[in-house]
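In this text the structure is predicted, and so the values were computed from the model without any measurement.
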Amino acid sequence: MALGRLALACAGVAAWFVLWALIERRVAGTPALRSRDLRWLAGEALALTLLAALWFTSLGAGAAWLVFLLVGVLREWPIRTPARVLRIGRVVVASGLLAWILPA
């Protein structure tokens, strides 16, 4: 897998996470994103992209949505509010972006 394709996938997921965070903060009425928040989101996007690259290149593309659903659930556990369910959905949508960009 080409490094350029990985970088593009990571940038796409990072943009999706930043957009999500901006909308989430606007709805909640919290302050704008700080540079620390952006670094955290970029790191999360990189980790998810590397996991997706491993999944798509060695283990196959089948049921990738289920793998990333489980990753989202693990990240947001315990699920006590509807907002956490939506945050799981953001990981599943990111996996869709990765499935579209990464496979050769």
Query raised in the report: Between V18 and L48, is there a shared hydrophobic cluster once you connect ILVMFWY residues whose side-chain heavy atoms come closer than 4.5 Å?
Result: yes
Report task. To the nearest 0.5 Å, tell me how far T49 OG1 sits from F56 CZ. Result -> 10.0 Å
Query raised in the report: Do V85 and W77 share a hydrophobic cluster, counting only Ile, Leu, Val, Met, Phe, Trp and Tyr and linking them when any side-chain heavy atoms are less than 4.5 Å apart?
Result: yes
Query raised in the report: Is the backbone of P31 close enough, under 3.5 Å, to the side chain of R25 for a donor and an acceptor to pair up by distance?
Result: yes
Query raised in the report: W16 side chain to L97 main-chain N or O, any donor-acceptor pair under 3.5 Å?
Result: no
**Report entry** Path from L46 to V93 over hydrophobic side-chain contacts below 4.5 Å
**Finding:** no
Query raised in the report: Does the side chain to side chain contact (heavy atoms under 4.5 Å, CB included) test come out yes or no for W20 and E24, once each step is laid out?
Result: CA-CA 6 Å; W20 180 276; E24 192 174 51; 3.6 Å; yes
**Report entry** Approximate separation, where rounding is to 0.5 Å, of C10 SG and F17 CZ
**Finding:** 9.5 Å
Query raised in the report: Are L86 and F68 co-members of a hydrophobic cluster defined by side-chain heavy atoms under 4.5 Å apart?
Result: yes
Report summary line: Distance col, row L8:CG vs I101:CD1, nearest 0.5 angstrom, shows 4.5 Å
Report task. State plainly whether one hydrophobic cluster holds both L51 and L98, where clusters connect Ile, Leu, Val, Met, Phe, Trp and Tyr through side-chain heavy atoms under 4.5 angstrom apart. Result -> yes
Query raised in the report: Do the charged groups of R39 and E44 touch, with an N to O distance under 4.0 Å?
Result: no
**Report entry** Short side-chain to backbone donor-acceptor contact, R75 and I88, under 3.5 Å
**Finding:** no
Query raised in the report: OG1 of T81 to CD of E76: how many Å apart, nearest 0.5 Å?
Result: 8.0 Å
Report task. Starting at CG of L74, measure out to CG of L70 and round the result to the nearest 0.5 Å. Result -> 6.5 Å
Report summary line: Here the gap from L102 atom CG to T57 atom OG1, rounded to the nearest 0.5 Å, amounts to 8.5 Å
